[in-house]
Amino acid sequence: MPLCTEAFIRWGEKAFQSSFCTVALHWNATQMKMFKGNERAEIKADGLLKRNISTLLKKPNNFIKIIKSNACLLPICSLYGAAVTTVEGVGSTKTRIHPVQERLAKCHGSQCGFCTPGMVMSIYTLLRNHPEPTSEQMIAALAGKYCHLLVCRCEAFLQESICCQRKANGKCCLDQEDDLFDNKEEKVSTSLFSTDEFQPLDPTQELIFPPELMRMAENQPKRTLLFHGKRVTWISPVSLDELLDLKAAHPEAPLVVGNTSVGPEMKFRGVFHPVLIAPARIPDLNVLKYTDDGLTLGAACSLSLVKDTLTNAIVEFPEEKTRVFHAVLQQLRTLGGEQIRNVASFGGNIISRKSTSDLNPVLAASNCMLNLASRVFKGLMEGEYVSAFRQAPRRENALPITNAGMRVLFEEGTDIIKDLSIFYGGAVSTTVCAKQTCWTLIGRHWNEKMLDEACRLVLKEIALPGSAGGENIDYKKTLMVSFFYRFFLEVSQSLKTMDPCHYPGIPMEYRSVLQDFKTRMPQSIQMYQAKPSQSPQDPVGRPIMHQSGLKHATGEAVYIDDLPSVDGELFLAAVTSSRAHAKIVSVDTSEALKAAGVFDVITAHDVPAANEFYFSDDPEIIFARNKVICVGQIVCAVVADSDVHAKQAAAKVKIEYEMLEPVILTIEEAIKHNSFFEPKRKLEQGNVDEAFETVDNIIEGEICIGGQKHFYMETQSMLAVPKGEDKEMDMYVSTQHPAIIQEIVAASLGVPANRIMCHVKRVGGAFGGKILKTGLLASVAAVAAHKTGRAVRFILSREDDMVITGGRHPFIAKYKVGFMNDGKIRAVDAKYYINGGCTPDESVLVAEVSLLKMDNAYKIPNLRCWACVCKTNLPSNTAFRGFGFPQSGLVTETWITDVADKTGLLPEKIKEINMYKKNEQTHFKQKLDPQNLIRCWNECMEKSAYYSRRTTINELNKENYWKKRGIAIVPMKFPFGLGTPYLSQAAALVHIYTDGSVLLTHGGIEMGQGIHTKMIQVASRELNIPMSCIHFCETSTTTVPNACASVGSAGTDVNGMAVKDACQTLLKRLQPIIKKNPTGTWNDWIKEAFKQSVSLSATGYFRGYNEYMDWEKGEGQPFTYFLYGAACSEVEINCLTGDHKNLRTDIVMDIGCSINPAVDIGQIEGAFVQGIGLYTMEELKYSSEGVLYTRGPDQYKIPAVCDIPEQFSVSLLSSSQNPYAIYASKGIGEAGLFLGCSVFFALRDAVTGVRNERGLKKTFALNSPLTAEQIRASCADAFTEMCRDHASPSLFSPNPSYH
C-alpha cells in the first residue's frame, strides 16, 4: 500500500498539487484523563460540543496560530509544543470574566448551560483571530452548533447590530414603519440587555503564547517523539523516510493526524491499536506554497487550511483557472464544523472517509491523480467545467446522503463533449464513477437529448444495494439524476456566458436553483411589555440574567460528571439486550470478570428487594431476569476501576437468547396482534354520526408522526455514594424528579426512603426524559454501590443513552371530517394509535392529554376521538415536552388544511371560520374564554404582514420553477394543568441567617428553564431585598420531601406559590419588629428578630390546583388556564433535492405577565426550534430486528444554527392577566414547541404550489418529520418517476422547457 502520495487538482493551465499520506485517525480514552475536571464529557464524531473545547496556539513559520478544537479529538501526545486554553483559562468568576463570557451570559445566550463553554471557545477563538468579525465569520464560527440561543443574541459580539440591514436609507430596521419588526406601542420593550454594562474587548489583555514554548520551537531541533503507555505507543516522526521505516516495521499501525475517523471507531466500535504513528510534524506533509505549476498542499494540512488557501487562490487567480477550487470549496463549507476542519486532514478525508467523503467525488471528477512521488502534470484546456453537489440530513455538519462531483470538457469552441467525469459518493461503499455513461456520451452535443440519455444511463449503470440503515434507495437515485440535471443547467448557463449567440442558456425561472442555500446571521428581535412605573428594586417582570449564566460561560457550573472523584469510586457500564423479544438462556460473565480492572458484575440476582415496579398492570424493570422485551434493555452491568475498563469488560459478557414470537415493532404490527396497554380512552361530544349525514363534504385521511429523541446535552448521569452506616446512600442524579429516584432506589435496596438522599444541583437538559427511566438507571448504580460498598459512577454515552431510553411517542392518526362548502366543520371522527414501547411508563397519560388537547384552537360541535396505546418491543416511550399535544395538534392542523384543499379556500380562512370566538366550552365541557387567542392570531397576522407576503410569494413562485416558497400561520390553544391536584403540590424552605443573607430551596429542578432565577425574583419581591442577598443551593429530598416532578411547565407556577408562602410567613413574623423600627435596615430587623427568638426559617406550601377529569363521563376541569399563541413561518424549498431553508418566523405568545421576559422568550425560541426538529428533521430509523440505526449525532440530526429562521421575531402579548398563577404569569416551557409545525405547513404550502403548477391534482399526504426525502418525492417530476418505475420516458417536452 503506498504511504506517501500526491493529488493533482487541475486548474486552467496550472494545477493544484497535494502531497499526502494514507491517513487514519485515533482515539485513546485514557489520554483524556489529564483533562478530567476541565473538559466536560465526550464530544461526538460530528462535533457536538458537550464540553469545553481547547484553543491551541502553535508557532509554525514564526507566527502564532490560534484554533478551536474538540477535546476528544486531541490525544495528549499530539499537543507537544502547543499551549492549550480551556474555557476556565479564558476567564473565571474567581478572577476576571472575559468579555465573551460576559456577553453570552448577559445576553441570555444560555439555558441549561451544558454546551455553553463550547460556544464561548468558538467565539473566543474567532475574536482572537478577528477582533472585529463580520456576521459571516460569526455564523461560520457557530456552524453546526446545536444551541440556538447564542445565535439569537449574537449581535452583542458584532461591531453593529446584525438586525440593521437597511441602514443605507438612514433607518434602522427597528425604526421603519414598514419593517417586519415595526412596533408602535410605546410601552413595548425590545431590549433584553444593556450594552452599556459590557466591558470592552481589549486584545492587549489576552493570554500570550508561553515564552518557553516559543523558545523551544525556535531553538530545539526537531526530533522524533516517542511516548509509551500501558497499552499504546505513540510515535511522531519528523521525516518522510522515517515514516516509511516506521510503517514497514508496524504495518498495521494507523497514521494519526486529526483523529476524526479512527478516534470514534475506537470509542464506539472497540477498535484497538497498540502503535500509533503521528506524521503531522513532517515538513513534507505540511507543504503550503505557490509554484509555477500551481498550488502545493501537504496531506497533513487541515481542512481549514485548505479552505483558506483555496479562498485566497480564487481571489488571486483568474476565474477560469480556479473552477475546481470553487467546486472543492463548495463541499468544504459544509464539511463538519470549524472545530472539526481545524484538525481533520485533507489526506485523511480522502483516504479514510470512503463513500461519505464530500471531497472524493469532485477530486476524482477533476482528474486528480494519486502517485508515489512528485510528477510534472499536464495543463488543462479551455472549455472545462467542474461542479460539486451534496445533500445531507442537515446542511451543516452532517454526512451526505449522496454527493457528486462532475466535470465536462468540450471540443474547442463547441458544445460537443470531449471528456466527461461523473462521480458519486454515498451511493455505495465507496466513491463510484459512471464510466460507461461518460464514455457513451463523448461526442454528444450538450443538449436535452444528451441529458435524457445521461439520466437513463446513470440509473442503469450505478446499481444501488438494497436498503440498509433505513435508507431510501429511490431518493438516492433521484438525487443522482437531479444532481446531473443541476450540472446540466450550470454548464448550459456557462456556455451562454461564453458565447450567447450560439447557446441559449437556461430560462430565467430556472436560474435560482443554481444557488445553494446559504446560512446567514439570523435577524432576531424580542418584544415584551415593560412596566415603567415599577419600583427599580422589584426584579419581577424584568429580563434578569440566568443566575448560573456566568458559571455556564466560564465552565464553573457543576454537572454530575464534574463532581470530584470519591475515594475508591467505581465506574459502571451496562450490558444491554441485542434482541427485541427473547428468552435469556444464559449469561456468561466469566471473561468479563477476568478483564483488567473489573470489580464485579451486577445482575437481577443482586437486587436486594424490588426489581420490578408496578405503577400499572405491566411492570417497569431494572434488570431483565428471564427474558428481554426490547433491544437496549439492561441485562446486567459491569463495575470496574475506570470507565474504559468497565466498557471493555461489558463487551465480553456473552448472552445466549432464544427468540420469542411475536416481535412487534410498529403500530401496524401492534394492531395486527391486538397488543395494547389498557385503558383505551375516548372523548365524544354531540352526535357525530348524525352530523355526517347533514354535511356537504366528507374527507378521510391518515398521518404518521415519527418519534423524537430527547437529545439532552447531558446524558443520563448518576453517582451513588454509600454513607457506610445505617444503609444510607447519597444519590447525585441528573433528574427532573428526585422523589421518584428516592422511592425507586429505596424500594430496590429494601430500605426506608429516609435512608436515600437525592441531590440535584442542575440538569443539562431533560425535556421530560429524566423521570421514571432515570429512576431505574439510578437503581442500577445504587444496587452496584450497595453490593460493592463503593461509590459508583454511571454516565451513559450518547449511543447507549439513545439505545436504552425511549422518547416522544410515534403516532398514526386516522380521521374523518365532515364540513360544509363554506369551510365550516361540523363533525370529526378520529382515532390515535400511539407507540408506547415495551412498558407503560407515561403512555396512557400521554394518550389522555392528546385527546384533551386535540381541538387545538377550534370549536368542533360534533367530535369523537379514540386513543389507543400500542404495546411494542421498543424501549418505552415517555414524557416529552408538549406531552402528546405536538402530535394531536399536528393531526388537527392537517385535517384543517385538507378541508382547505377540498374547498379551495386558503387554510387561514378555514382556521378563522372554525376558531373559538366567544366564551364557550371545550369538548370535555371546560369553560373557555378565547379573547387572547383571537388577539394572538390578529397580532401575528399583522406583525407578519401575512397577506402581503403571500401575494409576494405567489409572484416569486411564478418566476422560479425549481425553487418555491411557502407560508403558513398556525394558532395555538395550550391548556395548562396536570389533571390531578396532588401532582401540582409544592413546598419550599427559606432560611434567613443573622447576617441578613437568605438561603432558598424548593422542589423544582433547574434544567435550563431558569426556575431558580425566577424563585429568587419571587423571594426578592416578597422580602423586599436585593436578589444578591438570596442564594439557592440545590434541590434535595433532605430539604423538601415528596416534591412533585418538574414537568408540564408547572415548575414556576407551583414552586413560586410555595416560595411566596414561605416568604410571607417570615415577613409576618418580622412585622412587629419592622413596625417598631420602620427606618431600620433589613440586617437590623434580622438581628433583632434573632435576639427576640423569632424563628427565621419557614416552609412554604402550595396544595395544588383543583383539577379533575372523569373519563367515564368524558367531562371535567383537567386544566387551570390556557396559554395562547400564533406563529407564521416562511420557507423556501429546492425542488431538485428536497432541501429547504427557514426564512422567517413571527411568534406572538400569550404568557400572562412574564416574571422574567428574557428567560420566557428563550423558552419560546428553544421550544420552537425543537419543534422544527420534530416536524422536519429528527427521524428515527430501526432495523427489522428492532435495532436503532440513528443512535448518535452522526445519524440523528437535531436543528443547528443553519435551521434557525433568518428573521426570527417573538412578541409577548401585552395586557394579559392570569388570576390563577404566581404574579399573573403563565407556565411557558412546553407551549412553543407546537408552533414549530408552522414550518411543516409552510413546507406543505410550497409543495402544494409545486404540484399545482405541474398539474398534479391527486391528493397527497405528508408525514412528520417532513424531511428532504419526502419533500423531493412530493415534488414529483420526470426524475422521480424515472427512479420509481425504472422506466425511460422522454424527460422533456419538444420545446426547450428544461422540465
A side-chain contact here means heavy atoms from C-beta on lying under 4.5 Å apart; do Leu863 and Met854 qualify?
yes
Neighbour count >12 (heavy atoms, 6.0 Å) for atom NZ, Lys583:
no
Would you say that Pro1265 contacts Tyr1175 through its side chain, given a criterion of any heavy-atom pair below 4.5 Å between the two side chains?
no
Can you list everything that forms a salt bridge (Lys or Arg N to Asp or Glu O under 4.0 Å) with Lys652? Sequence neighbours excluded, please.
none
If we check ring-ring contact (aromatic ring centres under 6.0 Å, His included) with Phe924, which of these qualifies: Trp1111, Phe1119, Tyr1108?
Phe1119
Measure from NZ or CZ of Lys902 to the centre of the six-membered ring of Phe819, then state whether that distance is under 6.0 Å and the direction lies within 45° of the axis.
no
Taking the side chain as every heavy atom from C-beta outward, state whether Tyr858 and Ile825 have any pair of such atoms under 4.5 Å apart.
no
Applied to residues 861-894, the ring pair (Phe, Tyr, Trp, His ring centres under 6.0 Å) test, sequence neighbours excluded, yields His710-Phe880, Phe885-Phe974, Phe885-Phe1234
Please say whether more than 12 non-hydrogen atoms of neighbouring residues, nucleotides or ligands are located less than 6.0 Å from CD in Glu702.
yes
For Ala813, all residues meeting side-chain contact (heavy atoms from CB on, under 4.5 Å), sequence neighbours excluded
Ile703, Tyr832, Val891
Heavy-atom count check: over 12 atoms from other residues, nucleotides or ligands less than 6.0 Å from Tyr982 OH?
no
So do the side chains of Lys816 and Ile698 get within less than 4.5 Å of each other, counting heavy atoms only?
yes
Taking the side chain as everything from C-beta on, heavy atoms only, tell me whether Asp901 gets closer than 4.5 Å to Arg1244.
yes
Is it the case that atom NZ in Lys672 sees more than 12 heavy atoms from other parts of the structure closer than 6.0 Å?
no
Residue pair Glu1179 / Thr1190, side-chain heavy-atom distance below 4.5 Å:
no
